[in-house]
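Data first, discussion second: the structure below is written as structure tokens.
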Amino acid sequence: MPSSKNLQGGKAFGLLKDQQRQKLEEINQEYLEDQKYSDEEDLAEKLEGFKNKYAEFDLNDQGEIDLMGLKRMMEKLGVPKTHLELKKMIVEVTGGSSNTINYRDFVKMMLGKRSAVLKLVLVFEDKANGSPCKPAGPPPKRDIASLP
């Protein structure tokens, strides 16, 4: 394989993107094989969606979402955030262990029960774009007993 130094910008970027997607695919495979998520409905489809959503961010060289990548994505989604808000969003996803969001953290956040701001924004954006996350039609009737 030619060293990436010989590649022009676009080709090197394309190669980097391919490598990143491959890595995301491998991580998705781990989740599919993880017993902890075996009862998660439509896990394969969800992971595919997460991978595509994650790849939309401007990732840094390590294939992680950094502050500027998060900032650009929030602006693109029409919900610009201050640096402080962005930092809080990253801490919320990583638990403060890192100042970048890696794909594992991202998937954990998306599959998790906690409502991180980033998750809410992405879920809201999917709904706004009419992505088939939820079945169409009116929500099922709920009685007071089913409320949390």
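Residues Leu59 and Ile65 are in side-chain contact: their nearest non-hydrogen atoms beyond the backbone lie under 4.5 Å apart. Between Asn99 and Leu67 there is no side-chain heavy-atom pair separated by less than 4.5 Å. Here the side chains of Lys76 and Met73 are in contact, with some heavy-atom distance below 4.5 Å. Side-chain contact between Phe50 and Asn28 is absent, with no heavy-atom pair separated by less than 4.5 Å. Counting heavy atoms from C-beta on, the side chains of Arg21 and Glu26 never come closer than 4.5 Å. Taking the side chain as every heavy atom from C-beta outward, Lys53 and Glu56 approach each other to under 4.5 Å. At least one side-chain heavy atom of Met89 sits under 4.5 Å from a side-chain heavy atom of Met74. Looking at Glu92 and Leu118, their side chains never come closer than 4.5 Å, going by heavy atoms from C-beta outward.
Interatomic distance, Leu70 CG to Lys87 NZ, rounded to the nearest 0.5 Å: 12.0 Å. Considering NZ of Lys46 and CG of Leu32, their distance stands at 12.0 Å, rounded to 0.5 Å. Between Ile90 atom CD1 and Glu85 atom CD the span is 12.5 Å, to the nearest 0.5 Å. For the atom pair CG of Leu47 and CE of Met110, the computed distance is 11.0 Å after rounding to the nearest 0.5 Å. Ile27 contributes atom CD1, which lies 5.0 Å from atom NZ of Lys23 (distance to the nearest 0.5 angstrom).
For Lys81, there are no side-chain hydrogen bond (donor to acceptor under 3.5 Å, both in side chains) partners two or more places apart in sequence or in a different chain. The side chain to side chain contact (heavy atoms under 4.5 Å, CB included) search around Asp105 returns Val93, Thr94, Ile101, Asn102, Lys108, not counting sequence neighbours. By the side chain to side chain contact (heavy atoms under 4.5 Å, CB included) test, Glu33 pairs with Gln29, sequence neighbours left out.
Taking all atoms of both residues into account, the shortest heavy-atom contact from Glu75 to Pro80 is CG-CB, 4.0 Å. Of all the heavy atoms in Gly112 and Lys119, the pair that sits closest is O-NZ, 2.5 Å. When all heavy atoms of Gly63 and Gln20 are compared, the pair lying nearest together is CA-NE2, 3.4 Å.
For residues 52-81, every residue pair satisfying the ring pair (Phe, Tyr, Trp, His ring centres under 6.0 Å) rule, not counting sequence neighbours, is listed here: Tyr54-Tyr103, Tyr54-Phe106. Sorted pairs that involve residues 58-86 and meet ring pair (Phe, Tyr, Trp, His ring centres under 6.0 Å), not counting sequence neighbours, are lacking altogether. Among pairs with a residue in residues 16-42, those fulfilling ring pair (Phe, Tyr, Trp, His ring centres under 6.0 Å) read Tyr31-Tyr37, at least two apart in sequence or across chains.
Hydrophobic clustering, with ILVMFWY side chains joined whenever heavy atoms are under 4.5 angstrom apart, keeps Leu86 apart from Val91.
Taking the charged nitrogens against the carboxylate oxygens, Glu48 and Lys51 do have a contact shorter than 4.0 Å, which makes a salt bridge.
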